[in-house]
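In this text, all values refer to a predicted model and were calculated from it rather than measured experimentally. Values below: all heavy atoms of this structure, side chains included; hydrogens, waters and symmetry mates excluded.
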Amino acid sequence: MIFLLALLCVAAADLTLPIEYSLDDWQTSATLGNIVVREAYNGNFTGTFKPSLESNVLGNALQNAPKSIYRIRTQQPEVTASSSAKPCALLDAKLVHSFWVSLDQSGKFVQSLTVFPDTAFATGDTSCKLQPKSSLAGIVQIVGTEQLKSPDTQSFIEKMEKERRARQHGAETDNRSFLAKYWMYIVPVVIFMAISSMGQQQEGGAQ
């Protein structure tokens, strides 16, 4: 039992990502907290956000800059990953952040960092004021490169070509619908486009 616990401790490795924020396009910045990424012995990654800033400090700063862009970033040697959100949307979400962190295959370097106000906590209040019972917090989603592969369009094309040749040679026709036959190719494309669209919308909203 002791050996197993020791093995788990050795296998698990922490990656700490300091998170800064700015409301004036990085003319000034302050520490928001840390995202701690842990790799378990089975190779899976989990992330937690540990704030180092008082909730009222961030809330007041956001209230005082409603038309600014709330920017965050994390910096590693030769790598900077950043994202942005609207102050009023974050105030409406009671300061609860949703972080998406993309890591390289080694799990040691950040490829991208995206932040969204967590809509699960949104009140619908558009007054851009700090909501009662607001608390600086964050939910972290870790995305590895192996989890976000490009759609397998080549296999899709090859399968369609194979069916075309089969029909030309009088083979039995597959009467299933297009979606039923090719769902395993369509679903990854939809997921890939949805994630890409979220990133583009986030960048567009920051302009």
In a table with atom names and distances, give each donor-acceptor pair under 3.5 Å that connects a side chain of residues 28-36 to protein atoms at least two apart or in another chain.
unit_1: T28; atom_1: OG1; unit_2: D24; atom_2: OD1; d: 3.3
unit_1: T28; atom_1: OG1; unit_2: D24; atom_2: OD2; d: 2.5

### Query
Is the shortest heavy-atom distance from the side chain of L113 to the side chain of I72 under 4.5 Å?
yes
### Query
Between Y21 and H97, is any side-chain donor less than 3.5 angstrom from a side-chain acceptor?
no
### Message
Checking Q76 now: which residues fulfil side-chain contact (heavy atoms from CB on, under 4.5 Å) with it, not counting sequence neighbours?
### Response
L15, L17, V79, F109, V110
### Query
Quick one: disulfide (SG to SG under 2.5 Å) pairs with a partner in residues 52-85, sequence neighbours left out?
none
### Task
Run the numbers on V140 and V101 for side chain to side chain contact (heavy atoms under 4.5 Å, CB included), then give the verdict.
CA-CA 7 Å; V140 182; V101 180; 4.3 Å; yes
### Task
Output the distance between atom CG (L91) and atom CG (L62), rounded to the nearest 0.5 Å.
4.5 Å
### Query
Between S102 (side chain) and Q111 (backbone), is there a donor-acceptor pair under 3.5 Å?
no
### Task
Sorted by first residue and then second, give each disulfide (SG to SG under 2.5 Å) pair with at least one member in residues 34-87; sequence neighbours left out.
none
## Note on the structure
Distance col, row S22:OG vs E20:CD, nearest 0.5 angstrom, shows 9.0 Å
### Message
Under the rule for ring-ring contact (aromatic ring centres under 6.0 Å, His included), what residues qualify as partners of F49, not counting sequence neighbours?
### Response
F99
### Query
Are L23 and L136 linked, directly or through other ILVMFWY residues, by side chains that come within less than 4.5 angstrom of each other?
yes
### Trace of the side chain to side chain contact (heavy atoms under 4.5 Å, CB included) decision for V37 with L103
CA-CA 10 Å; V37 179; L103 302 176; 3.9 Å; yes
### Query
What's the spacing between S82 OG and W26 CH2 if we round to 0.5 Å?
7.5 Å
### Query
Under 4.5 Å between any side-chain heavy atoms of R71 and D25, yes or no?
yes
#### Entry: Residues forming a side chain to side chain donor-acceptor pair (under 3.5 Å) with Q141, sequence neighbours excluded
none
### Query
Should V57 and V96 be counted in the same cluster of Ile, Leu, Val, Met, Phe, Trp and Tyr side chains packed under 4.5 Å apart?
no
### Query
Are any of the side-chain heavy atoms of L130 and L95 separated by less than 4.5 Å?
yes
### Task
Please list all pairs passing the disulfide (SG to SG under 2.5 Å) test where one or both residues lie in residues 19-108, with sequence neighbours left out.
C88-C128
### Task
With sequence neighbours excluded, tell me which residues meet side-chain contact (heavy atoms from CB on, under 4.5 Å) with A89.
K86, P117
## Note on the structure
Contacts satisfying side chain to side chain donor-acceptor pair (under 3.5 Å) that involve residues 116-134 (not counting sequence neighbours) are D92-T123, D125-S127, D125-Q131
### Message
side chain to side chain contact (heavy atoms under 4.5 Å, CB included) for N44 and E39? Distances and angles first, verdict last.
### Response
CA-CA 6 Å; N44 291 327; E39 180 182 6; over 6 Å; no
### Summary of disulfide (SG to SG under 2.5 Å) pairs that have at least one residue in residues 17-68, sequence neighbours excluded
none
